[in-house]
There are 2 protein chains.
Amino acid sequence: MTKSRAQQKEITRRQIIDAAFRLLSLERSYSSLSLREVAREAGIAPNSFYRHFEDMEELGLTLVDEGGVALRQLMRKARQRIEDSGSVIQVSVETFMEFVRNSPQVFHLLLRERSGTSLAFRKAVSRELQYFIVELADYIQHRQNYTMDEAKIQAEAMVILVFNAGAEALDCKPAELKLLTEKAILQLRYIARGADELSRGRQKKTVRP
Amino acid sequence: MTKSRAQQKEITRRQIIDAAFRLLSLERSYSSLSLREVAREAGIAPNSFYRHFEDMEELGLTLVDEGGVALRQLMRKARQRIEDSGSVIQVSVETFMEFVRNSPQVFHLLLRERSGTSLAFRKAVSRELQYFIVELADYIQHRQNYTMDEAKIQAEAMVILVFNAGAEALDCKPAELKLLTEKAILQLRYIARGADELSRGRQKKTVRP
DNA sequence: ATTTAATGTATACAACTGTACGCTGAAATA
DNA sequence: TATTTCAGCGTACAGTTGTATACATTAAAT
């Protein structure tokens with residue numbers, strides 16, 4: 001059976017994407033990758049790259065999208081875990097940390113391009129983060145009676161801190177991982193509790209649980 | 001009057017450092033600078049660079065150090081402002097935001113190299129952040145009776161959030177700056193209050209102020 | 001006054017980059 | 001079956017890079 005043209009093209013496209021992810025590491029940022037390098041790793045001629053992507057920026061944005069999707073899928077599973085067992089904060093943070101350790105390249109990409117030189121990249125990563133922030137804000141608002149603004153500010157702080165913990169996790173030894181996770185959990189609890197107290201202070205009447 | 005050798009060397013060294021800072025921007029990260037480019041901007045021959053720095057990494061570490069010093073000096077001034085007027089959190093955050101807007105290149109450098117490809121850079125930036133964290137933790141611990149660990153975890157969360165607000169400030173319009181600052185202040189208050197409540201919960205007896 | 005040492009330069013080279021051009025073979029279409 | 005389309009390749013070119021080597025100038029040391 002011979003492959004259709006579209007199928008073969010899709011395969012090559014995947015090879016390029018996978019090659020790029022493979023090249024990312026602690027010592028190698030996306031912006032330091034050259035087109036030729038990616039082509040080499042993908043096993044194609046440099047010029048063939050252009051049959052699939054306009055330039056490296058377009059490939060990069062594709063990687064950010066793919067990475068975001070992968071991360072969101074994982075966090076959706078985390079929510080299932082929450083249903084039957086335990087604390088939202090703990091399960092979420094632990095799930096995220098697992099992701100960072102299992103797919104460090106993806107996390108590297110998101111982490112670095114969030115403050116990278118390309119506006120398009122920064123916006124793309126920011127958009128991925130917004131998904132989390134909004135989902136988390138919804139969740140928070142659903143359980144307590146915050147305004148949406150309050151909930152978002154709270155959610156954003158949490159996402160930033162978890163992201164930061166992920167960044168530290170990349171550099172640390174496996175033994176230190178647990179400590180790092182606990183630190184992040186505690187920081188998130190500070191925020192949850194603090195937001196709780198401060199919003200209660202502003203409200204006329206709220207029954208303490 | 002002729003210049004002594006050491007004096008002239010120091011002048012050229014400064015030209016290199018200043019040139020490198022000048023080249024940094026939203027669109028230009030340190031790792032994307034070439035040795036030749038810096039030499040060109042500094043007005044010297046490419047090879048002359050080596051008379052002052054082993055390689056680009058050594059220059060970069062020097063920049064991180066200088067940036068850290070500048071930032072710390074500014075924050076020290078902030079503490080004076082706190083003495084006579086108002087909230088610690090508010091003054092600190094506002095001071096930091098001013099720094100970001102006034103010396104964006106320095107902040108760019110710290111922000112990016114914090115998650116960059118060079119371990120030496122990451123460590124250098126991390127060390128700069130530790131200065132702030134420790135100072136803030138001391139301050140926190142001095143006012144309330146936390147353990148040092150608690151105070152540090154709290155301080156770290158605060159520094160991370162302020163840093164993040166700074167990153168957002170780089171991309172935003174001047175009009176949005178105030179809103180951004182207020183958001184960060186609120187986030188820090190969440191943490192302060194949350195830590196306060198959670199540590200009180202653990203203590204046998206504490207008199208509410 | 002002579003020698004030494006060091007700052008800065010000019011030239012050169014090999015390695016790598018992005019990408020323009022033209023070609024090939026085979027799948028898709030007519 | 002004949003024609004068109006298009007993914008992929010090879011060659012080529014101009015530009016940039018880090019840095020090795022050799023040399024000039026001149027302050028500092030002898």
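Side chains are part of it too, since the values below use all heavy atoms of this structure and drop only hydrogens, waters and symmetry mates. Throughout, protein chains are lettered first and strands after them, A, B, ... in sequence-line order, and every chain is numbered starting at 1.
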The residue among A/Phe21, A/Phe96, A/Phe99 that forms ring pair (Phe, Tyr, Trp, His ring centres under 6.0 Å) with A/Phe107 is A/Phe96
Task: NZ or CZ of A/Arg72 within 45° of A/Phe132 ring axis and under 6.0 Å - done: no
For a quick check of understanding: with a heavy-atom distance under 4.0 Å over all strands, which category does B/Arg40 fall into, base, sugar-phosphate or nothing? sugar-phosphate
I'd like to know if A/Glu83 and A/Arg79 make a salt bridge, using a cut-off of under 4.0 Å between side-chain N and carboxylate O.
no
For B/Ala169 and B/Arg101, the nearest pair of non-hydrogen atoms, with its separation, is O-NH1, 2.6 Å
When rounded to whole Å, the CD to P distance for the pair A/Gln8 and C/dG25 reads 17 Å
From CD of B/Glu41 across to P of D/dT17 the rounded distance in Å is 13 Å
Does the pair A/Arg122/A/Glu113 count as a salt bridge with the N-to-O cut at 4.0 Å?
no
Closest heavy-atom pair, A/Val100 versus A/Gly166, reported as atoms and distance to 0.1 Å, is CG1-O, 3.5 Å
Q: Decide if atom NZ of B/Lys183 counts as having more than 12 heavy atoms of other residues, nucleotides or ligands within a radius under 6.0 Å.
A: yes
Separation of C/dG8 atom P from B/Lys9 atom NZ, nearest Å, is 8 Å
note: A/Ile44, atom CD1; D/dC9, atom C1'; distance rounded to Å ~ 11 Å
The correct set of residues in residues 50-64 of chain A placing a heavy atom under 4.0 Å from DNA chain D is A/Arg51, A/His52
Inset, instruction - Give a yes/no on whether any side-chain N or O of B/Ser48 is located under 4.0 angstrom from OP1 or OP2 of C/dT7. - result: no
Closest non-hydrogen atoms of A/Arg112 and B/Ser115, given as atom of the first, atom of the second and distance, are NE-O, 2.7 Å
Check: Is a salt bridge present between A/Arg14 and A/Glu10, judged by a nitrogen-to-oxygen distance below 4.0 Å?
Finding: no
Whether A/Thr12 contacts D/dG8 is assessed here as follows: a side-chain N or O lying under 4.0 Å from the phosphate OP1 or OP2. Is that the case?
yes
Pair B/Arg189 + B/Glu182: basic N to acidic O under 4.0 Å = no
Rounded to whole Å, the CD-P distance (A/Glu10 to D/dG8) equals 11 Å
Protein N or O to nucleotides 10-14 of chain C N or O, pairs below 3.5 Å:
unit_1	atom_1	unit_2	atom_2	d
C/dA10	N6	B/Asn47	ND2	2.5

Between CD1 of B/Ile16 and P of C/dG8 the distance, given in whole Å, is 8 Å
request  = Ignoring hydrogens and angles, answer whether the base of D/dA28 and the side-chain atoms of B/Arg5 contain a donor-acceptor pair closer than 3.5 Å.
outcome  = no
So, with a heavy-atom separation below 4.0 Å from DNA chain D, the residues of residues 24-35 of chain B are B/Ser34, B/Leu35
